[in-house]
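Each chain gets a letter, A, B and so on, in the order its sequence line appears, and its residues count up from 1.
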Amino acid sequence: MPRPTLRPSRRRWVAVAALALVATLTACTSQSSGGGGAGGDASTLQLQFPGAPISLNPALGGNGGSSVFTMLAYDPLIYLSGDGDLVPDLATSWDYVGEGNTVFELQLRDDVTFSDGSPMDADAVVASMEYFLQAGGSLAGQVGDVQSVEATDESTVRVTYGRPNPDAASTMTQYFGLGVVIGPAGLADPDSLLNASQGTGQYTYDAGSSVTGDRYTYQRNDGYWNPDAQQYDTVVVRVIGDPNAVLSAAQTGQLDVAEGDTSTLSLAQDAGLGVVTAPFFNWSLVLADRAGTINPALADERVRRAMGYALDRDSIAGALGPDTFAPSTQVILPDLDGYVDDDAAGYDFDLDEAKQLMAEAGYADGFSMTLLTQPVLDPNTAISQAVASALGEIGITVDLQVESTGVPAFIQAGTSDRYEALMWPSAGADMAQVTNQILAPGTVFNPFDSTDPQVQDLLGQAFAATGQQRTDLYEQANERLEQLAWVVPVISTQNIYYVAEDITGVTASVQNPNPMPVAPEADLAWRPAS
Amino acid sequence: MSATVAATAATAPATAARGSLLRGVLATWRGRTAGAVLLVVVLACLVGAFVTPYDPLAQDLAAARQTPSGAHWLGTDLLGRDVLSRLLQGGASSLVAVLVAVLVRTVVALPLGLAAGHLGGRVDQVITRVVDLVMAVPTIVILLSVLTLFGNDLLIGMAVFGLLGSAGLVRIVRGAALAASQELHVTAGRLMGLSRRQVAVRHVLSRVRGVVIVQTTLFATIALGVQTGLSFLGLGAPPPEPTWGGMVGEAASVVQSYPWLMVPTGGVIAITVLALGVLGDVVRDTTADRSSASGGRSVRRRGRVPAADPGDPDVLLAVRGLEVAFATAAGEVTVVRDVDLDVRAGETVGLVGESGSGKSVVAKAVLGLLPRNGAVVAGSAWWRGTDLTGLRGRGWRGVRGSQIALVAQDPLRALDPTSRIGAQLGELVRVHDRVGRRAARVRVVELLEQVQVIDPAEVARRYPHEISGGMAQRVAIAMALAGRPRLLVADEPTTALDVTVQAEVLDLLRALQAETGMAILLVTHDWGVVADACERVVVLYAGEVVERADAADVFAGPGHPYTRALLDCSPDQPAPDGTLRTVPGTVPPPDAWPTGCHFAARCPRAQDDCTQEGIPMVELAGSRVARCIHPLVPAGQPVGLTLERSR
Amino acid sequence: MRATGAAPLVELDGVSVDYRWGRRGTRRAVDDVGFRVEAGATLGLVGESGSGKSTLAKALVGLAPVAAGEVRLDGVVQDPAGRRDRGFLRDVQYVFQDPNSSLNPTRTVGWSVAEPLLALGDRDGRRPGADGVRARVADILARVGLPADAATRYPAQFSGGQRQRIAIARALVVAPRLVVCDEVVSALDLSVQAQVLNLLTELQRDLGLAYLFISHDLGVVEHMASQVLVLYRGRVMESGAAVAVQGAPAHPYTQALLAAAPVADPDRQRARREARAARAAAVRSAPAPLGESCPFTHRCLLATDVCHEQRPALRTSPSGTQVTCHRTEDAVATLPPAVVA
Amino acid sequence: MLRIVLRRLLWAVPLVLGVSLVVFLLASLVPGDPARTILGESATPDAVAALRTELGLDRPWYEQYLSWLGGLAHGDLGTSVFTGEPVTTALNSRLAVTLALVLTTVVVCSVVGVAVGVVGALRGGITARVLDVVSLAGIALPSFWVALVLVSVFAVKLRWFPATGYVSPDQSLGGWASSLVLPVVSLGLLGVAVIAKQTRDAALTVLESDHVAVLRANGLPETRLVLGHVLRNASIPVVSAIGVVFVGSLDATVFVENVFVLPGLGSRATQATVDHDVSVILGIGVYFTLVVVLVNLLVDVAYGLLDPKVRTA
């Protein structure tokens, strides 16, 4: 008799979902917590990721933490450090040409060759970018409205956008396939990329020592352009989903750096592992039916805002993730460009205000609402249940609809115009990314394709602007979004990394919650502590 | 044609009525405990939803992750909900889901298994094929797909699980039905004009009940385990409605930081599973009719009083004051008491009695072969200075086989069905003669020749199922002869054989006795066999020796009324009116022996003094010694044998 | 009792029964056997294990398909494939050897005894009501000598002899005309056996039953039956009046059977043994395949070439029985007195 | 005997067809779309449709199934839509891991279970009761819980065995063995309980049988009696139980491989289900089915070897 006490990795789902989430990051600096230690075997770096890569072809792969599978073998044009800094990699410098953030130019390094020996030049980069744009990978829609890519000379690449793109440099980093350069041999036969890497990176993929879905092995690339930055002979990325297994492996020295989990955090700390964290998900109550097509109550802005005030975020965060969850009152996380640093801003818990708004809207007695959620990213749907319970306080009876079949099914259901409300996290390193996510029509954040001219106008201006002017516009957009209450933030959760004693250099930040082990400069890379 | 009843009657007097399974289960404390636990769990879950102190869905985030307290007896969960209330509420849906799995499995498997086992033929072939197919289906792969397909619906998942699990049950029911269909009451059903379906429902079904219940309890535990598994997949019943599986899943996700939650959630599942498991075990034991299945009871042997060795050099085996008891559900029951008998070199002693007289028990006790729940509690069996009842383990070396050997009743069951005759025989030869395989092979042929097997080499190569009953009994005798024993205990050696074969075997025993000079203790219920083979007779009735005498004296005129009555029952000697003479009444079972003479209630000569106190053995005319104070032949004084007992 | 006309109650005519052997083949378990049972009479069927006596009885009641020959009840030919109508099943009841397995242990005695009545209905084809059934069951249980509360108890609560009484009660509840008694006392102790045999005799006397009485024990059969049929390896060896078969056996097999049965008398038994030893000195070879020979040749002291080559026909022996033996005259002539004494 | 083997092997063909059809239908019916999963949340419907066409997902299911069957006839199980690997390549190395795990488990379960069962049968009394309790515990304790405890004690605290991962035997035999210890123990607990129980029951039945009494009475020493006769006669139901444990363990690898991060078929099965990677699910279905067929075949052969009646019939 079979005894299916199996437990397929929930973390694996997280990984898949994270790819879908488009969580990315821009230039900026910030704080982080660091891990470190001393001693150990310097020749092999053992890493962990909760899920298998969607593809080893950078144009088809995912982003976020899963970029590690391509990052080890491919260099991006621009490197985003753990602290969130944009660092020259294959590109030595970059900038917009002219005003309006529509033309972007990069100067390339001239001493780099691909692992098969062919030179990395502007033509190669253009070919790689053009391949990326037509390959149909999941990230192609996230790199802005690219109209053309051209080599203006041997070492200069120019990218022209149809609309202003304030984040052009970000989209050239390791998290977006556009800036990850594939060699001509790989472009000629993209399927070959699944068994052998064709990049300029510090390592090459070693298919012979790898087992799909279990362990991915990378060997030192002796032709790498900056040998000083190479720290290890071999890097192994193991796929381990179960948080307990991750902890055990990290505790017993099987992993040097691993993704942690809030459920194992305190034990990891007790075991002497270094812990690095960075805020990542901004869990949100998506009030999708803003026109009241399904649920007329949601058409009223006061009702939506009332829900924003009805949530006791401190209690929810404290109960669900005492160490790592934090209340979130704005659509963008603190310390990011666009966050309004003002006590008056954001949805603070105010039950009276909420009830008042409900009464004003004519719903003093409340109403019923169906809330779609899933148990994969929201384990045991605890967050959704807590939100549902809190809404009960202002008379809203929430019918929780759990889509257990997985994230793709959730997305399908969420975009089917059948649900007026959903629970789903957003993630983004600046206002452009966040709003791209939560305002994009046809997505779970906006299935009914709502638009608000005021927000559009503010963002349009912001995308073409720079510096403080852009920040001001972002904050105005943020305030407008708070007023609209289309998306009600609830809590933020963290990405957690466990780091062995003898590893140093692991940093993460709200700007880059998914740091990478390799870097074009030795002091940015994960390295033996000596 | 079997008297096995005689052998088993003593081991299990008053087996709990097989008719009432429930009563049988509740007769054991394990069954009662498990049943009570299950009942409490089920009732609590049924009623619990109405009496819980808290709304199982009510959150109190401020009170999250609390360990037990007066307010929350089992603590609170991640969202501050009361664990006890949730467990009670969740139990109902969890148990319903288990019920669905179990029901689907049973409803699907029972008719198919019955049809396959009872109808046989084409139907059986088709069903067996389908079952093969389903058995080979990778349950997990299917379950994963089904669960993603029907996502939230635990009931559908459980139903599919039940469906997949039904294949195994079909096989088991089929086997049980096949066995049950061999039973005569099933044939009898057909002779009542019942259709095959009616027979299956009325007769076969009730016979497979036990095995189905056992399998079902096991499956229920697995189904509960699967539910827990599903919640890890995130495929349990949709939150916030509590289920046990979902609660364990939630607990497991925080097992490191809030381990307490594992205790009540895992605990209630573990308790339910344990109760189901124990219940299944008890049902199995109850239906298996095997006293030792559950580990068995045993008789307390401390304080056993051995009897003194009479020390007569002519006597090979001297049984004195032998008392054997069996441990049963109703306590310790004495089945044989105060048995004295002697076997001298070269003679054949008949041990005669009806079912339940204890004759086989005596034979088994002599060879130390009592079942585990039986033991000698008093007296001794002296073998030339050794008290056989005191031997354990290696102590039997040099006695069993080489001094005393055994020929059992059913020759086909007395041979190991899985090994060749030559191998079984050779094994014994190697043990006794300490010779190699080659020498043993020669001796095996010799032995088979000795028991007058015509083609010994050929027979040695065969398996027991390839030879006839008569041949098998010859082989069994050869096995007993392998160690050149001085006493052969033959326990109803011809009862299972046809008369013509019986005659041959008796002749063979006689010839062997003449050749080797061994003594034979012949256990039998057949006076004809006694007349044919025995010099002396020991008659047992209801656990006691009632008469001991030379065979000639017994046939000429026994001393004990029981012996007389038994002799007169033979259809050869009807009463003048043409009817057969009978003994009125029945043998009292061991737990209902009367005071005084055990036969008094059925005895035409019984008087008041027969039931006053224990009856001693009395020496009578000729060689007769009888346990009777109103014997059929003139009495002498009480005989020495009994008085010598060092009681 | 129904008017039967000229036809005997039950008649089997040249019946053969095959059973499956291995994957495709069949073997003949009963070969060209016929007998008749008159109303109120007892026919004894004797033979060793494997002689086909039970198979023959099963062919009668339809549990075994008939390969050749006819089975008749009141002169009406029955379906060779084994279908029997309710009338037949009511008329012909069956009691099995093993009283442990012939009663459903999970049902009360009352349930088991009532079952044929409920399944087959009464003589008039109607089912009696619940009270009627209860009364009939109580009646019949009392008739076989069981206590009144027996109906509510389970078979396990009864001894072997009592269980056999229950089985007999179950057969009698539909008031049959013929009861097949298939080794009904073989599993019973001697004293219980006598009780059950007496009960059967008594019932026959009171109810006018006919018995087909099957046993391996010639002594029991002789006591019960007026007519005896001796079977060996599926064929009739000898048949005739019980007294004649036992008193003057005319077939070497019948003689061997008698000689082998031990008697409870050391002197007679010694004489029998010696007679047996003199006759049967080492006549033991593997049984020849059944064919056109006498099936007993391999064990027969008198066997000659003709016995091996020709199947003996049924004929009248010097002692007046019907035998299938080429050498019945020699057999009768050389019969030692100890065997029949 | 040979006939039985051949018939069993032939029977594998319809089995694989049946199982694959069921798996295929289920996998195709499951909501969610590999194309959607590959492309992610923000992909346009056009892009999804294009990928569906490219992957052949827009054809009717029976066409897809028939074309898969066509491949199967040539030993081609298709290609994973996610990794682009041929399914056979992806699964073969994993089959080795799963088989190593399951076979080791079954061997260990059999040896330990039979030994414990025989001791229980011979000793009776307290030993039997303890055995009962242990058996029930084996059934009642969820193996994930056992696995967690084993890891925290033997891997994390004592560091005797690795917490995760699989070492191939040609890399290091000792490492291989040590990487299997904890998974085998957590996988095998139930199996030991099942086999021990079955062995004890069967051995008790045999111990009560006449032929054992006869051999004992006629002088065969206890050890030879138990090893040569009791075990052999008890082995038929025990072999059945071992077959059942094998199949059950195969299913349970799905869990254990995930906990111990072993690159076997089980962990791949969950992944493939999550991905709706139909060809991989089908491939695993086929592999599992063939293994089960093979196990059943071995059980049948064992019956034949152990029971002369089966052999000669």
Side chain, backbone, both or neither: which part of [X] has a non-hydrogen atom closer than 4.5 Å to chain B?
X: Arg170(C); result: side chain
X: Arg84(C); result: neither
X: Gln93(C); result: side chain

Selection from Ser468(B), Cys534(B), Ala531(B), Ala551(B) maximising heavy-atom pairs under 4.5 Å formed with chain C: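 Looking at each option in turn, the highest pair count goes to Ala531(B).
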
Contact leader toward chain C among Val501(B), Leu566(B), Leu506(B), where contacts are heavy-atom pairs under 4.5 Å: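 When all of Val501(B), Leu566(B), Leu506(B) are compared, Leu566(B) has the most.
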
Does the side chain of [Y] come within less than 4.5 Å of [X]'s, by heavy atoms?
X: Asn104(C); Y: Ser206(B); value: yes
X: Cys569(B); Y: Gln195(C); value: no
X: Leu89(C); Y: Met192(B); value: no
X: Leu190(C); Y: His525(B); value: no
X: Arg602(B); Y: Ser191(C); value: yes

Contacting region of [X] [heavy-atom separation from chain C under 4.5 Å]:
X: Arg581(B); result: backbone
X: Asp568(B); result: neither
X: Leu191(B); result: both
X: Val530(B); result: neither

Can you tell me how far the [atom1] atom of [X] sits from the [atom2] atom of [Y], to the nearest 0.5 Å?
X: Asp577(B); Y: Thr201(C); atom1: CG; atom2: OG1; result: 10.0 Å
X: Arg270(C); Y: Asp532(B); atom1: CZ; atom2: CG; result: 10.0 Å
X: Gln502(B); Y: His216(C); atom1: CD; atom2: NE2; result: 8.0 Å
X: Leu194(B); Y: Leu120(C); atom1: CG; atom2: CG; result: 7.5 Å
X: Phe555(B); Y: Gln269(C); atom1: CZ; atom2: CD; result: 9.0 Å
X: Leu118(C); Y: Arg202(B); atom1: CG; atom2: CZ; result: 7.0 Å

Under 3.5 Å donor-acceptor, Ser101(C) side chain and Leu184(B) backbone: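 Yes; judged by distance alone, with no hydrogens or angles, the pair exists.
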
Between Thr579(B) and Asn198(C): side-chain donor-acceptor atoms closer than 3.5 Å: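 Absent: no donor and acceptor within the cut-off.
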
His203(B): ring pair (Phe, Tyr, Trp, His ring centres under 6.0 Å) partners, not counting sequence neighbours: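 Expected list: His185(B), Trp111(C).
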
Among Leu63(C), Val220(C), Leu257(C), residue most engaged with chain B (heavy-atom pairs, under 4.5 Å):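 Counting heavy-atom pairs under 4.5 Å, the top option is Leu63(C).
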
Residue, of Gly62(C), Pro116(C), Gly219(C), that accumulates the most heavy atom pairs under 4.5 Å with chain B: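 Ranked by heavy-atom pairs under 4.5 Å with chain B, first place is Pro116(C).
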
Contact summary for Ala256(C) and Thr500(B), nearest pair of heavy atoms: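 Between these two residues, the closest heavy atoms are O-CG2, 4.1 Å.
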
